[in-house]
Amino acid sequence: MILVQGLSAQTDSYKYKRAISGVTATWHTLQLPDQMLKHIQPGFGDLRIYGINGKDTLEVPYILKQRADKISSTEIDFKQLNQSVNENGYYFTFQSPAANTINQIVLSFKQANFDWKTNLEGSNDNKEWFKILNNYRILSIKNSDTDYEFTRLNFPDAKFQYFRILLKSPVQPVLVSAKIAKTDTVKGVYKKISHRPLRITKDAVTKASTIDVSLDGLVPVSYLKINVQSDFDFYRAVKIEYATDSFKTDKGIQYNYSDLYEGNITSLEKPEFNFDNTTASRLRITIQNNDNKPLRIRDLELKGNIYELIARFDDPKYTYALLYGNPDVAAPSYDIEKFEQKIPANVSAIVVGEQQNNPAYIIKTEKPLFENKAWLWGLMAVIIILLGWFSFKMLKNSSGS
């Protein structure tokens, strides 16, 4: 009750609240429950944390975070030593000034259409070679219907001073460039998402397969894997969309969709797709088959990044609560957003309670004009003035005649 009375002036426009417990330090993190997502603004602008201690109240500054993967890539300085050929194929050898750890080589060729196998080896003396990749497939398809290229060699970290690529090609490859890099990924924090049975339809007119996916509630989604069962190579255009709203028709409920991802699904790469963390309850996946046999879809794997707040609690003695559910309020602006690097690396988590209706919430409705006394008195004054003016006008005209 104290919290409601003390905070009513600040919180009467927020419909929901959740108690916060476990505040023992200045910095804490708190994870936003999925159940909140349908009650807050799409941009999370109505989230507030308030604290109270007696008659004193304060607003707690925070930073909203989503723990997605962070990928960084460092290009390594290499030079091409030589190019040779024998009965096995065409060799390209590269040297670094020192032994470097790499895990990716991106090749670019003058040829536009090819399908080659390649081996990759490493050495520290340019004499004894150690195999890194064997029969790794690269290809390029360019025509009026398709523009696709897969020439990126991915492999576990390998530390050598020399690297040698063997291209098993019937014609001499014209290598334009080779970018050699070390790519690091800091894994984000994801939650698995369950879904209801898939609804797969195949349209003979559009030559496309559509997969409708209903999720178990409104949840954040940022990763999708399509498990395909296929005995042959394939390359298809794919589009992933999420439902933004729905409407009723004679044929039942229909949905409006917005794009999440548009690209390709192929047997050469993992059928995994990453996109911006998006709150959704329904997805639609469209695979363009053209004149090919439709792919057999076994299942889908879905994940989403969690949303969390990193907040600064200036006094642990206060009693705190998370407020939300105000569609009209603007997003807050806090100074800590500009000094994020000063936030401690290890921040403990605190507990967010169950959702409650905010007792301080006031539904503000404007009274009709005719119930407003000031407006009525003003209207009466205008009428009296107009009547007086018309009466004076009439008397003046009659006396003049």
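This structure is a prediction, so every number in the text was calculated from the model and none was measured. Note: hydrogens, waters and symmetry copies are ignored here, and every other heavy atom, side chains too, is used.
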Whether [X] side chain and [Y] backbone form a donor-acceptor pair below 3.5 Å:
{"X": "Thr101", "Y": "Ala158", "answer": "no"}
{"X": "Tyr62", "Y": "Leu47", "answer": "yes"}
{"X": "Ser73", "Y": "Thr183", "answer": "no"}
{"X": "Asn143", "Y": "Thr146", "answer": "yes"}
{"X": "Glu272", "Y": "Lys225", "answer": "no"}
{"X": "Ser123", "Y": "Glu128", "answer": "yes"}
{"X": "Thr185", "Y": "Lys187", "answer": "no"}
{"X": "Thr151", "Y": "Leu107", "answer": "yes"}
{"X": "Thr286", "Y": "Lys239", "answer": "no"}
{"X": "Arg18", "Y": "Gly353", "answer": "yes"}

If we count only N and O atoms by modelled type, under 3.5 Å, do the side chains of [X] and [Y] hold a donor and an acceptor together?
{"X": "Gln161", "Y": "Asn124", "value": "no"}
{"X": "Gln66", "Y": "Tyr307", "value": "no"}
{"X": "Gln355", "Y": "Tyr324", "value": "yes"}
{"X": "Asn256", "Y": "Asp245", "value": "yes"}

Can you tell if the side chain of [X] reaches within under 4.5 Å of the side chain of [Y], non-hydrogen atoms only?
{"X": "Arg236", "Y": "Val238", "answer": "no"}
{"X": "Leu295", "Y": "Ser209", "answer": "no"}
{"X": "Leu133", "Y": "Lys117", "answer": "no"}
{"X": "Asn305", "Y": "Tyr223", "answer": "no"}
{"X": "Lys191", "Y": "Asp34", "answer": "yes"}
{"X": "Leu175", "Y": "Gln83", "answer": "no"}
{"X": "Arg282", "Y": "Leu215", "answer": "no"}
{"X": "Trp129", "Y": "Thr93", "answer": "yes"}

Item to check | Heavy atoms of other groups near Asp276 CG, more than 12 under 6.0 Å | outcome: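 For Asp276, atom CG is not crowded (no more than 12 foreign heavy atoms under 6.0 Å).
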
Checklist entry - Does atom NZ of Lys15 have more than 12 heavy-atom neighbours from other groups under 6.0 Å away? => result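 Count not over threshold, so no.
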
Minimal non-hydrogen separation, [X] against [Y], with atom names:
{"X": "Asn154", "Y": "Gln104", "result": "OD1-NE2, 3.1 Å"}
{"X": "Leu120", "Y": "Ile165", "result": "CD1-CG1, 3.7 Å"}
{"X": "Ala237", "Y": "Asn264", "result": "CA-OD1, 3.7 Å"}

Checklist entry - Yes or no on ring-ring contact (aromatic ring centres under 6.0 Å, His included) for Phe78 and Phe163, after CA distance, side-chain angles and deciding distance? => result CA-CA 10 Å; Phe78 271 79; Phe163 288 90; 5.7 Å; yes

Checklist entry - To the nearest 0.5 Å, what is the distance between CD1 (Ile287) and CD1 (Ile297)? => result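 So the CD1 of Ile287 and the CD1 of Ile297 are separated by 4.0 Å.
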
Next on the checklist: Distance to the ring centre below 6.0 angstrom and angle to the axis at most 45 degrees; does that hold for Arg48 and Tyr14?
Outcome noted: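 No cation-pi geometry.
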
Taking only Lys NZ, Arg NE, NH1 and NH2, and the carboxylate oxygens of Asp or Glu, determine whether [X] and [Y] approach each other closer than 4.0 Å.
{"X": "Lys142", "Y": "Asp147", "result": "yes"}
{"X": "Glu308", "Y": "Lys65", "result": "no"}
{"X": "Asp157", "Y": "Lys159", "result": "no"}

